[in-house]
Amino acid sequence: MTNKPITLMPEDIQRIIGKDAQRNNIAAAKLVAEIVKTTLGPRGMDKMLVSPLDDIIITNDGATILSEMQIEHPAAKMMVEIAKTQESEVGDGTTSAVMIAGKLLENAEKLLDKKIHPIVIVKGYRIAAEKAQDILKELSLEVDHKDEFVLKQIAMTAMTGKGAEDSKENLSDIVVKAVNQIEENGFVDLDNIKIEKARGEGIGDSELISGIVIDKGKITLDMPSYVKNARIALIDIPLELKSPELKTEVSISSPEQLQRFLLQEENSIKEIVNLVRESTANVVFCQKGVDDFASFLLARNGIYVCRRVARSDMHKIAKATGAKIISNLNDLTQLELGSAENVENVKRGNDFYTYIQGCKNPKAVTILIHGGSDHVMDEIERAIDDGLGDVSCVLKSGLVVPGGGAIEMEVSRRLKQFGQTISGRERLAVEEFANALEFIPLTLAENAGLDPIDIITELRAKHDSGDKNAGLNLFENKVANVLEAKIIEPYNIKSQEIDSATEVANMILRIDDVIASKPDKRGKMSFTGERGREAEFMSGLE
Ligand code: ADP
Ligand code: MG
């Protein structure tokens, strides 16, 4: 009998088994947490991300950083996924979720070193997460849904540290009003809020407009600037003869022929305009191009027209005004039109915008962000997104928790006490889970230039003596009662953080075999199995 090895897979398949796989995955996940760590909290730093096309994003937002980074390592990608889940489920808390997951894995590594089986750790973490949720619920405070003051504080806590500081009064006011306007029996559909940006003026001039604002003005000066009782047509085909993508050749041999041809073209356009006119529309939003001659004729009929309107805007206008988007002009009748009290051409900064106000659906609102540069406005938009997420969370659940690391400290303390009651090795995992939560206050302190060890010691002492709202007040850079300082966060965000972090940490811990069949772009495997070379997973940053 020959001793020929059995081959199950092609040669270029790379496989990492057992401890190596675990350690490699943990190292990658930890690195992801390290990356976002410095951005946490109001004193967090920003990152500048440069795309291959030299587009620059300057941001403090965990989800944005991770999704722009082109992360390749499979375990690291799982971490990015939880940031995305966190963002889509509750709209904020991404950095914290990723950091807690990273710390859970780092602490699990310590237990693995002590020869504790991953399955025991996974079980311990699950027990701890469940208990943490109970404690969190117990510690949460009910707030009045309608209390604008509290909602504003929540918006402010969500937005601090994201370039919105100087105008946070105004911005948090806008966020709360916007959410209140679209709220319906505790249900908030953030899709009803459109965010538009206008370059020029300061961030503080940002405003909330009832209705929809789009970043396109009317096409020609002859069109009306203000249309009362607007009847709105939404058209997603070009109002011109042929689309420019089509190459057509016409051979003409006599001047008469040319004349006839031009006349024919003119008539076709007139026909198009007639169809629009017959529908009784006095405002048209066209997703594609509109011919000069068509614009001229439409203007002569007193019709207000915007062209090349973004698809997403078309849908927003449809929702707000009740118009149907049509793709064949023969279908355009009065029934397909939407309505609004008025449509207006407005100049903001250097550009023209169209305001559609008094919409059929009063739940459509637009937040118009002003700012000096696109980078600034983009970051304000992300801050507003977080603010909207947080405020709508509280409107839904009516529950808040103290921020500034206070809630993490208290949950951690009670979890440690609970750990004492558990027998078996899971107890060690519960303790490590509790330790991982302290990573949040610790990092908030570190990012603010405070001594993290001193702060944690002080916080522990305060919490041990019953001061459960002791946290970091980073308005004043000291340990204080954060409820009094109005640093509050939605309960749902913290609850989701614990869920997402535990889920990904446990998933990564259970993996003991990685089989990779796809070499990366550089011909190497995306991971190497060797510790210390983990940084390879960030191909984009090399
Ligand atoms: P995430 O992506 O996790 O939301 P952030 O950068 O938004 O990360 O930071 C959120 C953390 O900052 C929360 O723990 C919150 O309590 C804390 N925080 C916000 N404002 C303050 C403040 N003024 N003082 C102390 N902590 C604050
Ligand atoms: Mg946040």
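As the structure is a prediction and not an experimental result, all values here were calculated from the model. Just follow the structure's listing: the first ligand is 1, and inside any ligand the first atom is 1.
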Counting only heavy atoms, tell me which of D92, L474, T160, I488 gets closest to atom 20 (N) of ligand 1.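 Answer by nearest heavy atom: T160.
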Among R43, E489, E476, K478, which one puts a heavy atom closest to atom 15 (C) of ligand 1?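 Shortest heavy-atom distance from atom 15 (C) of ligand 1: E489.
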Shortest protein heavy-atom distance from [atom], along with the residue and atom involved:
atom: atom 18 (N) of ligand 1; answer: P42 CD, 3.6 Å
atom: atom 5 (P) of ligand 1; answer: G41 N, 3.7 Å
atom: atom 3 (O) of ligand 1; answer: S96 OG, 2.5 Å

Under a 4.0 Å threshold between the charged nitrogen and the carboxylate oxygen, would E138 count as salt-bridged to K468?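 Looking at K468 and E138, the cut-off is not met.
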N/O/S atom name from D92 that is nearest to the position of the Mg ion (ligand 2): OD1
Checking the N or O distance criterion of under 3.5 Å, is ligand 1 in contact with [X]?
X: E497; answer: no
X: G93; answer: yes
X: N473; answer: no

Between [X] and ligand 1, find which residue part has any heavy-atom pair under 4.0 Å and reply side chain, backbone, both or neither.
X: Q86; result: neither
X: I487; result: side chain
X: T157; result: both
X: E408; result: neither
X: L444; result: side chain

